[in-house]
Amino acid sequence: VDNTARCLAVKEVSLEFQRHVPLEHNARVREYYDRVRCDAHSVMDSVCTMIMRGCPNVTSYTLIANGNEDGERRMNHLFGCYDRLQSLETDTQSIFVGNNRMLSLQRLAFIARLESQDT
């Protein structure tokens, strides 16, 4: 997002990423799936960063990753946003980085995912 292109009136952002599911369950497909999920993690973080920087007045944020995140890595797109968020809803702990305080937070909802054994 260009620094001049801002969505100043936007107060609520809700993003959901579609789940990528392999068609077969063999080692080769699983390896590909793990690589795609790792790439999806970076893409998700980049998209979210672009949106959050372009909409500096967001106070209500929802991110549904649907298992596309890499559990070993954290997403950094909320840096600089923690103090202004009043409502946060997510299905991933990857957005919580370090010991950041969320001083304005009034509502936190964590959505548990039940993963099927064949995904």
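Note that the structure is predicted; figures quoted are calculated from it, not measured.
- Leu85 places none of its side-chain heavy atoms less than 4.5 Å from the side chain of Thr59.
- Considering every non-hydrogen atom in both Arg74 and Gln93, the closest pair reads NH1-O, 3.6 Å.
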Ile51/Leu15 under side-chain contact (heavy atoms from CB on, under 4.5 Å): CA gap, chis, key distance, verdict: CA-CA 10 Å; Ile51 291 170; Leu15 302 168; 3.7 Å; yes
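- In terms of heavy atoms, Arg73 sits closest to Ser94 at O-OG, 3.5 Å.
- By the criterion of side-chain heavy atoms lying less than 4.5 angstrom apart, applied directly or through intervening Ile, Leu, Val, Met, Phe, Trp or Tyr residues, Val13 is grouped together with Met75 in one hydrophobic cluster.
- Between Cys7 and Pro56 the shortest heavy-atom distance is O-CD, 4.3 Å.
- Not a single donor-acceptor pair under 3.5 Å links the side chain of Arg53 to the backbone N or O of Cys48.
- The salt bridge (Lys or Arg N to Asp or Glu O under 4.0 Å) contacts involving residues 100-110 comprise Glu89-Arg107, where partners must be two or more places apart or lie in separate chains.
- Here ring pair (Phe, Tyr, Trp, His ring centres under 6.0 Å) pairs that include residues 48-93, with residues two or more places apart or in two chains, are Tyr61-His77.
- Scanning for side-chain hydrogen bond (donor to acceptor under 3.5 Å, both in side chains) contacts around Glu16 gives Asn66, with sequence neighbours left out.
- Contact of the Val58 side chain with the Cys81 side chain is not registered, since no non-hydrogen atoms from C-beta on lie closer than 4.5 Å.
- Listed here is the closest heavy atom pair of Leu78 and Met52: CD2-CE, 4.0 Å.
- Looking at Val10 and Asn57, their side chains never come closer than 4.5 Å, going by heavy atoms from C-beta outward.
- Listed by chain and residue number, nothing satisfies the salt bridge (charged side-chain N to carboxylate O under 4.0 Å, His left out) test with Asp45 (two or more places apart in sequence, or in another chain).
- Val43 has its side chain out of reach of Phe17: every pair of non-hydrogen atoms, C-beta onward, lies at least 4.5 Å apart.
- Panel note: side chain Ser104, backbone Asp83; a donor-acceptor pair is recorded below 3.5 Å.
- Taking Thr90 as the reference, Leu63, Thr92, Ile95, Phe96, Phe110 meet the side-chain contact (heavy atoms from CB on, under 4.5 Å) condition, with sequence neighbours excluded.
- Residues passing the side-chain contact (heavy atoms from CB on, under 4.5 Å) test with Ser60 are Glu12, Ser87, sequence neighbours excluded.
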